[in-house]
Amino acid sequence: VIAGAAAMYGVEYEVKLMGAARSSTPTQPWVDFIHQQAEALGVFNSVVDRKQQAAGSEDATYMMERVKQRGGQASYAIFGCELAAGHHNAKFDFDEKVMATAVTLLSTLALNQAQFGGAR
């Protein structure tokens, strides 16, 4: 598209990569453990595993990759709720009640991580 537009107007162009973000695939044993712990709590309407690259910001995916490089397990968790508007929108708002269940799961994972049989 850029080359075509430049040719139409007889101008030169240059494309430079100015930044990048990486994705990260979750480690399945850790995903399975999170799923088991979340279901055992009985506080979620549903627990869904996504067999795909992690969603979210590049800071999380860079951290996940670093953890895996050092022999650890990594995943990304999303705690769903109703949104007033999408991310990066002036009207973005979420139901703060979801934070209590998120903290419950995250603290449960921290307390029960010794039961996790995968590599750390």
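Position 1 is the first residue of the sequence; numbering continues from there. Worth saying up front: this structure is predicted, and the values here are computed from it rather than measured.
Heavy-atom minimum distance, Val67 versus Ala74: CG1-CB, 4.3 Å. Heavy-atom minimum distance, Ser107 versus Thr104: OG-O, 3.1 Å. Scanning all heavy atoms of the two residues, the minimum distance from Ala38 to Val47 falls at CB-CG2, 3.8 Å.
Counting heavy atoms from C-beta outward, Gln28 and Trp30 have side chains that stay 4.5 Å or more apart. Using a 4.5 Å cut-off on side-chain heavy atoms (C-beta onward), Thr61 and Glu58 make contact. In this structure the side chain of Phe79 never reaches within 4.5 angstrom of the side chain of Met99, judged on heavy atoms. Side-chain contact between Phe33 and Gln73 is absent, with no heavy atoms from C-beta onward closer than 4.5 Å. Side-chain contact between Leu109 and Phe116 is absent, with no heavy-atom pair separated by less than 4.5 Å.
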>> Assess the residue pair Thr108 and Leu41 against the criterion (side-chain contact (heavy atoms from CB on, under 4.5 Å)); give the C-alpha distance rounded to whole Å, side-chain angles, the decisive distance to 0.1 Å, and a yes or no.
In response: CA-CA 9 Å; Thr108 297; Leu41 285 172; 3.6 Å; yes

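Within a 6.0 Å sphere centred on CD of Glu82, heavy atoms belonging to other residues, nucleotides or ligands number 12 at most.
Separating the OH atom in Tyr76 from the OG atom in Ser57 is a distance of 5.0 Å, to the nearest 0.5 Å. One distance of note links CG of Asn45 with SG of Cys81; it measures 11.5 Å at 0.5 Å rounding. Distance check: Gln37 CD to Leu106 CG gives 11.5 Å after rounding to the nearest 0.5 Å. Distance CG/Asn112 to CD1/Ile34: 12.5 Å, rounded to 0.5 Å.
A chain of hydrophobic side-chain contacts below 4.5 Å, direct or via other Ile, Leu, Val, Met, Phe, Trp or Tyr residues, connects Phe44 to Leu83. Taken together through direct or relayed side-chain contacts under 4.5 Å among Ile, Leu, Val, Met, Phe, Trp and Tyr, Phe94 and Val43 form part of one hydrophobic cluster.
Through direct or indirect side-chain contacts shorter than 4.5 Å among Ile, Leu, Val, Met, Phe, Trp and Tyr, Ile2 is connected to Tyr13, Val15.
Checked by atom type and distance alone, the side chain of Lys68 never pairs as donor or acceptor with a backbone atom of Met63 at under 3.5 Å.
In this model, a donor atom of one side chain and an acceptor atom of the other lie less than 3.5 Å apart for Ser24 and Glu65.
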